[in-house]
Amino acid sequence: ARDGFGACQRIPKGEDSYFVDALFVGDSRTVGLYEYGGMADTASFLARESTTIYDLFDENEKMDYAARGKKATERTFKGLLSKTDFGKIYLSVGVNELGVPDTKDFYEEYRKVIRRINKLQPDAIIYIQGIMHVSKDKSSSDPVYNNTAIVQRNQAIATLANGRNIFYIDMNTDLCDEDGNLKKELTGDGIHLKASACELWHKFLCKNAIVLPAAEKAKKDKNTTEASSKKEEAEKAKKEASEKETSEKSTSEKDTSGKE
């Protein structure tokens, strides 16, 4: 998240109650956060191993959705966002896409996904989470999964933040050493956090929670209320029309019966 935009502000110490209307979307790393980050009862998760930015809106690609405190079921991203409202949406993908060498293509797909999320959830705060770095040993020995490529991707997707309802946050500041490598003691395979280290990600999220200023929140609440009122009016009109049609049909049937 970036200060100075004036639309939102950081809160130094987040509380888990902040996440009750949050949805965390991602790959196996997010699965780890769900299983070991101590957030399963306070936030909702939509994640699956090997998920990429290219899969998210694929209608044939189902992921595991766990509403806070409930058992996971399979859902598509589009289907979920179309039927359930969220206050915050955290997106964490990118490590599986490192095999696709074109950063520009990755960026363009990420931009499209952000636009679609914003369209389906216009009142939600969208968090673009930076791709977590890998360990020094992994980065120096792997031509694909290395921190040079990850930094390049993060620099690209960070530009998608607008400082109003879309923010870029980077957990690497809390998880990496001074050289920008994922700390060796936090990972077993050089890519994923150990179960015991997932709480550090949780703590980072709490330190980087965004709250809307009162005026902006009031504006969003007003828009939500107006939209709800219009929906209720439309449903009421539809019900009245249906009742009128039923009444007219009944009257017509009685008239016909009287003539016979």
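The structure displayed is predicted, hence computed values, not measured ones.
- Among residues at least two apart or in separate chains, ring-ring contact (aromatic ring centres under 6.0 Å, His included) pairs with a member in residues 81-111 are Phe24-Tyr90, Tyr90-Tyr127, Phe106-Tyr110.
- Within a 6.0 Å radius of OH in Tyr36, other residues, nucleotides and ligands contribute 12 heavy atoms or fewer.
- By the side-chain hydrogen bond (donor to acceptor under 3.5 Å, both in side chains) test, Asn96 is found to be paired with no residue, residues two or more places apart in sequence or in another chain being considered.
- When side chains are defined from C-beta on, Tyr168 does not count as touching Thr159, because their heavy atoms never get closer than 4.5 Å.
- For the 3.5 Å distance criterion, the side chains of Thr52 and Asp55 qualify, holding a donor opposite an acceptor.
- Inspection of the Thr42 and Arg68 side chains reveals no N or O donor paired with an N or O acceptor under 3.5 Å.
- Thr73 is linked by a side-chain contact (heavy atoms from CB on, under 4.5 Å) to Tyr65, Arg75, counting only residues two or more places apart in sequence or in another chain.
- Checked against side-chain contact (heavy atoms from CB on, under 4.5 Å), Lys62 has the following partners two or more places apart in sequence or in another chain: Glu74, Thr76.
- Here CG of Leu193 is found 6.5 Å from CG of Leu186. Values are rounded to the nearest 0.5 Å.
- Pairs passing the salt bridge (charged side-chain N to carboxylate O under 4.0 Å, His left out) check and including a residue from residues 178-196, sequence neighbours excluded, do not occur.
- Put simply, the side chain of Ser92 reaches to within 4.5 Å of the side chain of Trp201, judged on heavy atoms.
- In this structure, the side chains of Val134 and Thr187 stay at 4.5 Å or more apart for every pair of heavy atoms.
- A heavy-atom distance below 4.5 Å is not found between the side chains of Leu160 and Phe167.
- Ser28 is linked by a side-chain contact (heavy atoms from CB on, under 4.5 Å) to Glu49, His192, counting only residues two or more places apart in sequence or in another chain.
- Residue pairs meeting the salt bridge (charged side-chain N to carboxylate O under 4.0 Å, His left out) criterion with at least one member in residues 81-99, sequence neighbours excluded, are Asp21-Lys88.
- In this structure Asp41 satisfies the side-chain hydrogen bond (donor to acceptor under 3.5 Å, both in side chains) test with no other residue, sequence neighbours excluded.
- Residues that satisfy the side-chain hydrogen bond (donor to acceptor under 3.5 Å, both in side chains) test with Asp142, not counting sequence neighbours, are Lys138.
- Arg111 is linked by a salt bridge (Lys or Arg N to Asp or Glu O under 4.0 Å) to Glu108, counting only residues two or more places apart in sequence or in another chain.
- Qualifying side-chain hydrogen bond (donor to acceptor under 3.5 Å, both in side chains) partners for Asp105, counting only residues two or more places apart in sequence or in other chains: Tyr54.
- Residues passing the side-chain contact (heavy atoms from CB on, under 4.5 Å) test with Glu199, sequence neighbours excluded: His202, Lys203.
- Annotation: side chain of Leu23 is in contact with side chain of Ser44 (closest heavy-atom distance under 4.5 Å).
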